[in-house]
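Just so we're on the same page: letters track the sequence lines, and every chain starts at 1.
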Protein chains: 4
Amino acid sequence: MDAALELFAEKGFSATRMADVAKKAGISKGTLYLYFDNKEAIFRSVVQEMILPQVDQHDAMIANYTGSAESLLRELLHGWWQAVMETKLSAIPKLIISESGNFPEMAEFFVKKVVLRSRQTFIKVIQYGIDKGEFKPCNPITAARLAIAPLVHASIWMHSLKAFDENHSDEDYLELHINLLLQGLSS
Amino acid sequence: MDAALELFAEKGFSATRMADVAKKAGISKGTLYLYFDNKEAIFRSVVQEMILPQVDQHDAMIANYTGSAESLLRELLHGWWQAVMETKLSAIPKLIISESGNFPEMAEFFVKKVVLRSRQTFIKVIQYGIDKGEFKPCNPITAARLAIAPLVHASIWMHSLKAFDENHSDEDYLELHINLLLQGLSS
Amino acid sequence: MDAALELFAEKGFSATRMADVAKKAGISKGTLYLYFDNKEAIFRSVVQEMILPQVDQHDAMIANYTGSAESLLRELLHGWWQAVMETKLSAIPKLIISESGNFPEMAEFFVKKVVLRSRQTFIKVIQYGIDKGEFKPCNPITAARLAIAPLVHASIWMHSLKAFDENHSDEDYLELHINLLLQGLSS
Amino acid sequence: MDAALELFAEKGFSATRMADVAKKAGISKGTLYLYFDNKEAIFRSVVQEMILPQVDQHDAMIANYTGSAESLLRELLHGWWQAVMETKLSAIPKLIISESGNFPEMAEFFVKKVVLRSRQTFIKVIQYGIDKGEFKPCNPITAARLAIAPLVHASIWMHSLKAFDENHSDEDYLELHINLLLQGLSS
DNA sequence: TATGAATGAGCCTTCATTCAT
DNA sequence: GATGAATGAAGGCTCATTCAT
């Protein structure tokens, strides 16, 4: 599945050949079919089995946090970054987005199970900040989308155009995003 | 080329069949080959011939603008949005990103001709704001990336997962981004 | 038809494209279809209309000849050589032979109308020589085949491997063939 | 390769479909591609791998022969006939000649490796006969060409027009050729 | 009469999938 | 369980043929 994730993310589903996956995994083509019914099954497994554990873990992380909205938001963003950008999960967003047209159920699954849940967490924190008076009033849904967008975008970039872009610091990127966001939100 | 852009953006290069392109264009398979050498040639044409005019136009738009950094940045972001999100250009970013692994030269072309040039414009405006004291000191490159990221992300989203996401207002999204960004930057 | 003959002889029927024929003839593809029903019709016309006049003319040449069998045979062979090797007819044998598998009726037509008739002429001359005591007894059919074989072979060679063979004199070839043949036949 | 040789010789390269080759070989289309890169590769293999062993064997046959030039020449011609006409090699000359326009390198390879080497053998024998006084002086190159031409021609005929010609004895043909040639050459 | 843009059947080739070993 | 040779459906591309101009 690691081999498949890497290849799917790099070349897309159609352009990835079973022979390539087998070769990268160090097994024979035939052996793939002992563990997966077909190419689509590999794709589904890759997406589902890599995402689900992560989602649960992420939820747990947030569950019973207390403190200022600012520090919570800061924490959340750092947590997301570490969980995604510094693991092989980083390849998933690009993959899902690229194949959303060919695998709409998978796209839907991803949105429902990952995007919306994750966004919900951010919404809660932002609402909490507004309620507390830390943040000025704004639509917390839109704010949540804007809080996450640069992170997701960074993961997509990392697996697509980063090689052709000049090498910029990801740390700067994350930190400046957090600072701009928090100052933007602060009342 | 419109037909091809739509299908490539939806399904990716490999999964798009020449027969589909022909059908969508209302011509026969053979006719495609009167105008393009092969499938790759269509892809390249789609990307290059749709992007280049836009880039030039965009450059012209910015050229001789004066006023406050804030209003300039506001203008720029609105301009980008209109030029991309409200035209068929909106499909290009997702397409390039999805196929970057299979068409690295095209990815490089896009980064050099579009991404970096566009970013440069934003860098200048931000630097101008910093110099004028409107904006607080920060790395203008990173700030430019963060100014654009939510926009590019919105275009990618629009052509991938938007259908599965609840329907949010794009106007709110843009406006809030601009406001958060400007307040974040302001000294 | 000249254009077609040349191309058919060079590349064969299948590998010759209508576009090539049209181009070589200096007309458009569509115009070809004003004069020929289809590709096969061109092929048939090329073969039939180039061969038939020649056959008749050749027959006439022999009709009422008198003299020694040797001089007659010599005459015949020279006549064949001039009529075939020094005109565009030279391409026909290679073409017919190459396409005999795909156009058996044409092959049969050629054998009946050309090969057998031509051979018959040689048979008569050889039989005449045997009867006169100039030539020693032998099977005149086989002898006729052997008299012609090197000539036909030369025409085939000319349109196939000659370019890769060292350049040998065709005149020497013809003269030595005639001399060897006549001394071989002479009693 | 046997299936391919037969079909190529019968229909030519272009007109032979991979499906036909596969069917005749009793395998599937796809399997062909496990053993050959493409159609051309089959063609090249057929020609090269069938010819080379034969050439070496033929050379060996001649190497250390002694005796009269006449009996040697007789031997050579019989040897050639058996090696070519009575094996599937007989299809090669027609094939090479038919495709010489489309595969010039292959034609050149054939001329260099087969035609010229074979001719050289005949040249030596004829020169030997001339030197010994058995044969009268003549150009041994041309004589060699004339010695071989009827044989090659017979192989071409066999795979093209023979079916439409009346059935003549090949033995008579060979024997008469040898006799005419030897009497023609003899001083 | 001449053109050449348009068509679509047909063929080469690829690759997901199967299965005997 | 693991293999890889074999399969054949599918798709890119060519080119003989048509037809509106």
Side-chain angles (χ1 to χ4, degrees), chain A residues 4 7-8 11-23 25-43, chain B residues 4 7-8 11-23 25-43, chain C residues 4 7-8 11-23 25-43 102, chain D residues 4 7 11-23 25-43:
Chain A
L7 288 167
F8 285 149
K11 309 150 93 86
F13 177 79
S14 282
T16 297
R17 278 167 289 136
M18 292 296 270
D20 294 340
V21 178
K23 193 175 180 186
I27 59 177
S28 77
K29 253 187 306 172
T31 306
L32 276 179
Y33 286 87
L34 292 180
Y35 299 98
F36 302 94
D37 282 349
N38 51 38
K39 198 179 169 186
E40 268 198 46
I42 300 184
F43 186 74
Chain B
L7 288 168
F8 285 150
K11 308 149 93 83
F13 177 79
S14 283
T16 296
R17 277 168 289 132
M18 292 298 270
D20 295 338
V21 178
K23 194 175 179 183
I27 58 177
S28 76
K29 257 185 306 167
T31 304
L32 279 177
Y33 287 88
L34 292 179
Y35 300 97
F36 301 96
D37 282 349
N38 50 40
K39 200 179 169 185
E40 266 199 47
I42 299 184
F43 185 74
Chain C
L7 288 168
F8 285 150
K11 310 150 93 86
F13 177 80
S14 282
T16 297
R17 278 167 289 136
M18 293 295 270
D20 295 339
V21 177
K23 192 175 179 185
I27 59 177
S28 78
K29 253 188 304 172
T31 305
L32 276 178
Y33 285 85
L34 292 179
Y35 300 98
F36 301 96
D37 282 350
N38 52 38
K39 198 179 171 187
E40 268 199 46
I42 301 184
F43 186 73
N102 299 315
Chain D
L7 287 168
K11 307 149 94 83
F13 177 80
S14 284
T16 297
R17 277 167 290 131
M18 293 297 270
D20 296 338
V21 177
K23 193 175 180 184
I27 59 177
S28 76
K29 257 182 308 166
T31 305
L32 278 177
Y33 287 87
L34 292 179
Y35 300 97
F36 301 96
D37 282 348
N38 51 39
K39 201 178 167 187
E40 267 198 46
I42 300 184
F43 185 74

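With rounding to whole Å, B:Phe36 atom CZ is found 15 Å from E:dA5 atom C1'. The distance from atom CZ of B:Phe13 to atom C1' of F:dG11 is 12 Å, rounded to the nearest whole Å. A straight line from NZ of B:Lys23 to P of E:dG8 spans 13 Å, rounded to a whole angstrom. Nucleotide F:dT14 holds its C1' atom 12 Å from the CG atom of C:Asp20, rounded to whole Å. Rounding to whole angstrom units, CG of residue A:Leu7 and P of E:dC15 are separated by 13 Å.
Phosphate contact (OP1/OP2 of F:dA5, side-chain N/O of D:Thr31, threshold under 4.0 Å): absent. In this structure, B:Tyr35 reaches the E:dA6 phosphate: one of its side-chain N or O atoms is under 4.0 Å from OP1 or OP2. OP1 or OP2 of F:dG12 has at least one side-chain nitrogen or oxygen of B:Lys39 nearer than 4.0 Å.
Closest to the side chain of C:Ile27, out of E:dT3, E:dT7, F:dC13, is E:dT3. Among the nucleotides E:dA16, E:dT17, F:dG8, the one closest to any side-chain atom of D:Ser28 is F:dG8. When distances are taken from the side chain of B:Leu34 to each of F:dA9, E:dA6, F:dG1, the shortest belongs to E:dA6. Picking from E:dA6, E:dT14, E:dT17 the nucleotide with the shortest atom distance to the side chain of D:Tyr33 gives E:dT14. Among the nucleotides E:dA5, F:dC13, E:dT17, the one closest to the side chain of B:Asn38 is F:dC13. Each of E:dA16, E:dC11, F:dA16 was ranked by its minimum atom distance to the side chain of A:Met18; first place goes to E:dA16.
Residue B:Gly26 is the one, among B:Gly26 and D:Arg17, whose nearest nucleotide of DNA chain E lies closer to the 5' end (criterion: closest heavy atom). Remark on DNA chain E: of its neighbouring residues D:Ser14 and A:Gly30, the 5'-side contact belongs to D:Ser14, judged by nearest-heavy-atom nucleotide. Projected onto DNA chain F by closest heavy-atom contact, B:Thr16 and C:Lys29 fall at different nucleotides, the more 5' of which corresponds to B:Thr16.
Looking only at distances, a side-chain donor or acceptor of D:Lys39 sits under 3.5 Å from a matching main-chain atom of D:Thr16.
Counting any heavy atom pair closer than 4.0 Å across all strands shown, B:Leu32 reaches no nucleic acid atom.
Using cut-offs of 30° and 60° for the angle between ring planes, the C:Phe43 and C:Phe13 rings count as perpendicular.
The distance from the OH atom of D:Tyr33 to the OG atom of D:Ser28 is 11.0 Å, given to the nearest 0.5 Å. Going from atom CG of B:Asp37 over to atom CG of B:Leu34 covers 11.0 Å, rounded to the nearest 0.5 Å. Atom OG1 of D:Thr31 and atom NZ of D:Lys29 lie 11.0 Å apart (nearest 0.5 Å).
Look at F:dT17: its Watson-Crick or wobble partner, with both distances under 3.5 angstrom, is E:dA6.
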